[in-house]
Structures are given as C-alpha cells and as structure tokens.
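First listed ligand is number 1; within each ligand, the first listed atom is number 1. Here the structure is a predicted model, which means the values were calculated and not measured.
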Amino acid sequence: MTASAGQKAPSLSVISKQGTEYKLLIDGVSVALANSIRRALVAYVPTLAIDEALFAENNTSFYREYIAHRLSLIPIKTDLSYEELADNFFEPKREVSMVLDVKSDGNMTVYASELKFPDGQVATTHPKIPIISMVKGQSLRVELTARMGTGRQHAKWQPVSAATSINYPMINIMNESCGDCKKCVDACPTGALGLVDGKLKVIDPLACTLCEACEEACPGVLEVKSYPNRFVLSFEVNGQLDARTALMAALEILNRGLRSILSQLEVLAYEKKSD
Ligand code: SF4
Ligand code: SF4
C-alpha cells in the first residue's frame, strides 16, 4: 500500500509483549483495514489441529468423544513459513499422522507431551496440558490425523485468541492546574490519569478504555476522543505459530485476496477497451 499525498504511511510497531500476549500499534490505517487484519489473524490463518481420532483401544474411564475433544484442542506446532501458510489457506495440503499409545502400570496423568510427530518430536508447544488420568492396567491407543484448517471452521484452528482492535485514545486536558482536586482521577476506573506535581496528566494512555467517566467528572476541562487512524491490536498466541509468522500470514492472505480482485479488474478493463 502506498500513502497518498499528505497521508502518513501505514506503520506497525510492538507496544508490549508479555509471555504469549502482544500489544501492537497500527498507525495510518482505516478502521476497516485494522479490523480486517484482526479478523484475518483470528479466522484466516491456517494451522494444524487434530481432526480425526481412530480408537484402537480404550479401557480408561473416559468416553472416546471426550478424549477426542480434548486432543483436538491441543495446539499442534505448525512449522510452516507465512507463504506456505497462505498457500494452505487457498488449498489445504498439509496432514500429519500421530499415534497416542499409553499403558498405565499405576495411577498417572496423560499429558500432551505424549503426542509425538512421526520423527519423535513432541507435537505441541504446551506439553503440560493434561489429557486424561489413568489407573493401573488401563490402556489407550488412538491413531490421530492433524489437518490444516482455519478459525472460520472451528476455534481449534485459531492461531490467536482474545484478539481486539481498539482506537488509540486521545485525552485532551484543557486546564492542567488542578490543585488538590482529583475528582476525575478517582472517577477513572483504569488508572490512566494521575496528578503529577498538582497537574493532571495522562500517565497510562493504553489503560484508557474510552469510557468517558473523567469527561463526565469535569465537563469542559477534559475531552476524551480517539485517533481515527491509530489502533492498538491485542492478542494472545495459542501456540501453533509464533506471533510474527501468524501476523505475516494474515497480511499475505489479505494481500493475495486483494491482488486476485485487482487482476480480475484489470482483465475486465482490458475486455472493455477491446470491445
Ligand atoms: S480536570 Fe477537573 S476533575 Fe480532574 S483534577 Fe482537574 S479540576 Fe479536578
Ligand atoms: S475515558 Fe475512562 S478510562 Fe479513559 S482516562 Fe477517562 S475515565 Fe479513565
């Protein structure tokens, strides 16, 4: 995308990363584009998930449906580049077989670490997820197939969860000198405002939820608005992909879809000219 004259070029930067949780700043885009990126990240980026379970043996206390459901929600490592992920969005190809084979000689918990790829590597980034508990003498053997799919089909394929895109807050303070008054600071439920040397300041703009409680506490002095083209994209990666690959795949899938429409429009324009 290129910026038109006088318009800021779109940009993306990392605001924070805490464990698997990310906050990114997307600047210079419309609300429609920011939301398209969020939706593509949730629903279009394909990942591997267990999609078929054939039970050869199960004398545990758990129903096959229960075990299959738990297995399907374990994030399976999807070691593909963003281009390969985009290829798999348009034509899912990847499929991996696994066997879960456990015999118990005492009370035990079966963890996700028992799920192994054919090369022996643990198949998940969350090996401590418990699947079932077993007692002495019980056995479980399940032949599994993991397939590529997207969050549009089922949440088990979503590479991220809790994905939100909110406008970046803009809080205008018309009069900073407030003395001992801190009515709006007390009214703010998130601690976004604070008094520094008797002056009202926005001390944590990202904590602001645009609730307008401060504006109501001091009308005419505080004004809560938001930047129309600046957004905070927050999400948590589920474990199949790293955040960078998931985001690049989302953008590549959007890009390929739009390029496809563009090339069809070019054909239409050519046909019109040659009429
Ligand atoms: S902005 Fe208004 S409510 Fe807030 S501290 Fe100043 S005078 Fe008090
Ligand atoms: S809009 Fe709400 S969250 Fe934001 S600073 Fe004002 S009171 Fe706090």
Side-chain angles (χ1 to χ4, degrees), residues 1 3-4 6-45 75 151-152 155 158-239 241-244 246-251 254:
M1 180 190 289
S4 59
Q7 188 183 309
K8 206 174 161 198
S11 64
L12 186 145
S13 56
V14 178
I15 296 170
S16 67
K17 174 188 178 314
Q18 282 186 322
T20 53
E21 292 177 27
Y22 289 77
K23 266 191 204 301
L24 308 179
L25 181 69
I26 304 182
D27 207 355
V29 299
S30 66
V31 64
L33 183 53
N35 201 35
S36 297
I37 295 169
R38 183 190 68 82
R39 289 180 67 95
L41 190 56
V42 172
Y44 285 10
V45 177
R152 289 188 304 177
Q158 276 185 210
V160 303
S161 50
T164 60
S165 164
I166 60 163
N167 287 77
Y168 196 94
M170 181 200 291
I171 303 164
N172 296 323
I173 303 171
M174 264 69 91
N175 175 15
E176 283 185 329
S177 302
C178 302
D180 293 334
C181 173
K182 56 187 200 62
K183 206 170 137 196
C184 61
V185 177
D186 292 339
C188 176
T190 64
L193 300 174
L195 284 177
V196 180
D197 299 330
K199 290 190 172 178
L200 182 68
K201 299 278 178 203
V202 181
I203 55 173
D204 188 0
L206 288 176
C208 177
T209 57
L210 304 170
C211 73
E212 299 182 358
C214 56
E215 200 178 71
E216 283 164 27
C218 202
V221 176
L222 283 171
E223 183 187 46
V224 178
K225 297 201 311 197
S226 58
Y227 289 88
N229 301 115
R230 189 181 294 177
F231 301 89
V232 179
L233 175 66
S234 308
F235 59 88
E236 181 171 3
V237 285
N238 292 338
L241 303 169
D242 62 79
R244 188 167 180 271
L247 197 56
M248 287 177 77
L251 294 170
L254 284 177

As an exercise, identify every atom of ligand 2 less than 4.0 angstrom from a heavy atom of [X].
X: I171; value: 5 (S)
X: E212; value: 1 (S), 2 (Fe)
X: T190; value: 3 (S)
X: C188; value: 3 (S), 5 (S), 7 (S), 8 (Fe)
X: C208; value: 1 (S), 3 (S), 4 (Fe), 5 (S)

Is atom OH of Y22 surrounded by more than 12 heavy atoms (other residues, nucleotides or ligands) closer than 6.0 Å?
->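 Yes, because the 6.0 Å sphere around OH of Y22 holds more than 12 heavy atoms from other groups.
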K17 atom NZ, neighbour heavy-atom count above 12 within 6.0 Å =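 Yes, because the 6.0 Å sphere around NZ of K17 holds more than 12 heavy atoms from other groups.
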For [atom], what's the nearest protein heavy-atom neighbour? Residue, atom name and distance, please.
atom: atom 1 (S) of ligand 1; result: L200 CD2, 3.6 Å
atom: atom 8 (Fe) of ligand 1; result: C181 SG, 2.3 Å
atom: atom 2 (Fe) of ligand 2; result: C211 SG, 2.3 Å
atom: atom 4 (Fe) of ligand 1; result: C184 SG, 2.3 Å
atom: atom 6 (Fe) of ligand 2; result: C214 SG, 2.3 Å

Drop me the distance from C184's SG to L193's CG, to the nearest 0.5 angstrom.
->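 Output value for this atom pair is 5.5 Å.
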In Å and rounded to the nearest 0.5 Å, what is the CD1 to CG distance from I37 to L247?
->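 Reported to 0.5 Å precision, the distance equals 7.0 Å.
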Does the side chain of S161 come under 3.5 Å of the side chain of E236 through a donor N or O and an acceptor N or O?
->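 Side chains of S161 and E236: no pair found under 3.5 Å.
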Is ligand 2 under 4.0 Å from a heavy atom in the side chain of E215, in the backbone, in both, or in neither?
->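 The answer is neither; E215 stays 4.0 Å or more away.
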Does C218 bring an N, O or S atom to within less than 2.8 Å of atom 4 (Fe) of ligand 1?
->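 It does not: C218 brings no N, O or S atom closer than 2.8 Å to atom 4 (Fe) of ligand 1.
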So between T209, D186, L193, V224, whose heavy atom ends up nearest atom 3 (S) of ligand 2?
->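 Ranked by closest heavy atom to atom 3 (S) of ligand 2, first place is T209.
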